[in-house]
Structure formats: structure tokens, C-alpha cells
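Presented below is the structure to which this report refers.
This structure is a prediction, so every number in the text was calculated from the model and none was measured. Remember, it's 1-based here, ligands and their atoms both numbered in the order they're listed.
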Amino acid sequence: MTSSFHPPIRTLMGPGPSDVNPRILEALSRPTIGHLDPAFISMMDELKTLLQFAFRTTNQLTIPVSAPGSAGMECVFANLVEPGEKLIVCQNGVFGGRMKENVERCGGTAVMVTDDFGAPVDPKKLEEALKRHPDAMAVAFVHSETSTGVRSDAEVLCTLAREYDCLAIVDAVTTLAGIPLEVDAWGIDAIYSGTQKCLSCIPGLSPVSFSPRAAAKITNRKNRVQSWFLDTNLIMGYWCTDAKRSYHHTAPVNSLYALHESLVILEEEGLENSWKRHQLNHLALAAGLESLGLGFAVEEGSRLPQLNAVSFPQQIDEAAVRRALLAEYGLEIGAGLGALAGKVWRIGLMGYASNRKNVNLCVSALGNVLNAQGHRCDVSQAIAEVERVYV
Ligand SMILES: *Cc1c(COP(=O)(O)O)cnc(C)c1O
């Protein structure tokens, strides 16, 4: 007989999923009701309003796609790109490469603007590309590159897109609730996020939002959206109508309770307070790590507070350190990805996991493991540096 699965207790400080707030797990376990039940439909309406609040937008087409962040990415490109169209895609990490894949699979052409893994998107390079390709219809970039821990200047990049009459498409999977994001004020036309990063919800949903300009482009398409499931023209009939809602797919009812709860928690804390909390805990972690003799792979002005790309002396066996953290402390941190594989750890401080206790745990556990493996460091000094940031 197979027995029930009980996961081990972990502290999740990797690139996502992050620790789920127990309030959200409790919401998830509430009774399932029909996805066309009037009570469920009023919860959906609240959910849309809460997402508008989190994205800082009045966009009507603001909904959670019933699938993970990658599906949100696919939803944006599948709806906006028609065969033969040209887009400028900025790539400075792994996720920008996936945008290119999406554009090409939709029959579009991706003009690539590339920056090094670990550097932000360079607005000058984007402007050169915009000048060389006046026929481009959109600019796409990743705001928070989770693969490298880099923040690009979304406001500047969106302003450029608008100046050259392009739509601005933004990956905000790791951004939402972690660092400032202003969908309307920055002129973002299409954006997608995820639930398992700074919202500290369960994985598997992707909030998306389309500006009226983007929505008009979708309505006026010459060809049907190639994906039936992700076609917003059809999804609207379920999520965005005042008339009777029609069946599109069975909404992930309990997952949506969880997302609702996570946004209620965000509203209680306040969006700006959430941004401030992420920044404070990042500064405390950075103080502790630097005291342990570790460095950052990203320059100070472009570091993501919610995802720290941490470099270490070459002689350290980085995989052995991660294994020891997991086995002895139940602490998960992430490995490097793509060009940074084997070169950095990715330490997340996302959502509910971004707190003083976790910063202390991470710095002391990492220090102890490094000492045990023969790399001398002073753990109590590092903890003192951490605590100094909080007083
Ligand atoms: C995590 C992530 C994704 C993909 O989200 P999934 O939920 O894993 O599909 C996309 N973009 C970025 C920047 C991410 O960090």
C-alpha cells in the first residue's frame, strides 16, 4: 500500500516557490463550490479588483490565467503576436530567452537586444534597435530576472517603447509585491506574473493584465489566436462580462481562494509596506553575507531585494553547501541558472519568507556550513551585522 504524502518542513529561500503563508493554505482547504456559483462569481469580481490594486492599473482585462507563470507569458505572446510581426526582445537572463521562443512559435520575428547575465537591460541598446527597426510593434523585457537577480529600469524601457510607438510587454513574475511596479503610470501594455514568488501563494496561477491598447489589438486580430485555451477573447466570456458567465474551463476553484487570500493579506499590509519590507530584509541579508566573506554577482543599484545572486570563493563546493543546508537546516536556497550555473547561489527573500527570522537563519546556517567545510568565517559577527540593519 502507498501511504499519504507528507512533505518535509522546509524554509523556502530559493527562486520560488516561496514559503506559503499558513492563512493561504487554510483558505485553500475551504470547501470547493461550483465555478458558476453566484458566491464564487462575486469572489472572482473581488479578485479582479485586488489584482488591479496589486498591479496599480485600471485595466479591465486583468485576470489570473489558470496555469503557472510560463502560461501567463504564453498567453501574452499568443494573444498579441500575429504571424509576420516583429518584436524587440531584450534578453539579460534565462527568461528573456523564453520570450524569444514564444514570439517565434507565434510566427513572429524576435529582434534580440542582449546584455550580459548579471547586468540590467541597457536602454541605449534598446533605443538603437528601435531606430533600426521602425516596423517593430512591441518591446518585451523581464523586469526582475530571477535567473540573475537583476532589476531593469522598467519605467525607462516602457517610455522608450511608447516613444517609438511600440507596445510594452513586461515579465513581472518575480516583481509583483516585491519591488515597485506601476502598470498604468509606466505605460505597460501587457504584463504577466506568478503566484508563488512575492505573493507567497501556491504555484500554478498567473495574473495577467492588458491595457486598452493591447486589448484593442487582440480584438482586431486578422487571425484567430492559435491557442484555444489562452485566447483572451474566449476567457473574457467567463471572467469579464456583466451578462451571464459562460463555461470556458473549470476554474481552479480552491487555488483562486488562495490567490484571493494572498491579495487580501497584501492589501492589509499595503503595497508600499511590502516593497519596504523586501528592501529592509535584503539589506540585512547583504550585511550578513558580506560579513561572512561572500559577495554579490550584481551591482548594488540593480540588485533585486527578493532574489539575491550571491557569489562565493571558487574553492567552495557550492552543491555540497546547498545539500547541507537542506539536510541539516531544512533550508532551501537556489543554484545558479544558465550562464551563472555553478557560479552563484540564488537566495530568495520573497513574500512571507522575507522576514528577520529567515535572514538570521540563512546567515547563521550558511556560516556554520561554510565553517564545517573548512571555510573560516565568524558567524556571530555576521549576525551582529544583520541585526544592526534592523535597529
Ligand atoms: C518563475 C518565473 C517564470 C515562470 O513561472 P512558472 O510559474 O515557473 O511557470 C517566468 N519568468 C520569471 C522572471 C520567473 O521568475
Side chains of Ser211 and Asn59: any donor to acceptor distance under 3.5 Å? no
Report yes or no: do Arg356 and Asn281 form a side-chain donor-acceptor pair below 3.5 Å? no
So for [X], does at least one of its heavy atoms come nearer than 4.0 angstrom to any atom of ligand 1?
| X | answer |
| --- | --- |
| Gly72 | no |
| Lys197 | yes |
| Gln196 | yes |

Salt bridge between Glu128 and Lys124, side-chain N to carboxylate O under 4.0 Å? no
Is the shortest side-chain N to carboxylate O distance from Arg98 to Glu104 below 4.0 Å? no
When every non-hydrogen atom of Ser262 is compared with those of Leu199, the smallest separation belongs to CB-O, 3.5 Å
How close do Ala140 and Phe77 get, heavy atom to heavy atom, and via which atoms? CB-CZ, 3.9 Å
Beyond-backbone contact of Tyr164 with Glu127, side-chain heavy atoms, under 4.5 angstrom: yes
Under 6.0 Å between ring centres, would you say that holds for Trp228 and His249? no
[atom] [closest protein heavy-atom partner, distance rounded to 0.1 Å]:
| atom | value |
| --- | --- |
| atom 11 (N) of ligand 1 | Asp171 OD2, 2.7 Å |
| atom 6 (P) of ligand 1 | Gly69 N, 3.5 Å |
| atom 3 (C) of ligand 1 | Phe95 CE2, 3.5 Å |
| atom 15 (O) of ligand 1 | Thr146 OG1, 2.3 Å |
| atom 9 (O) of ligand 1 | Ser70 OG, 2.5 Å |

For ligand 1, which atoms, with element, lie under 4.0 Å from some heavy atom of [X]?
| X | value |
| --- | --- |
| Thr174 | 15 (O) |
| Pro68 | 6 (P), 7 (O), 9 (O) |
| Ser144 | 13 (C) |

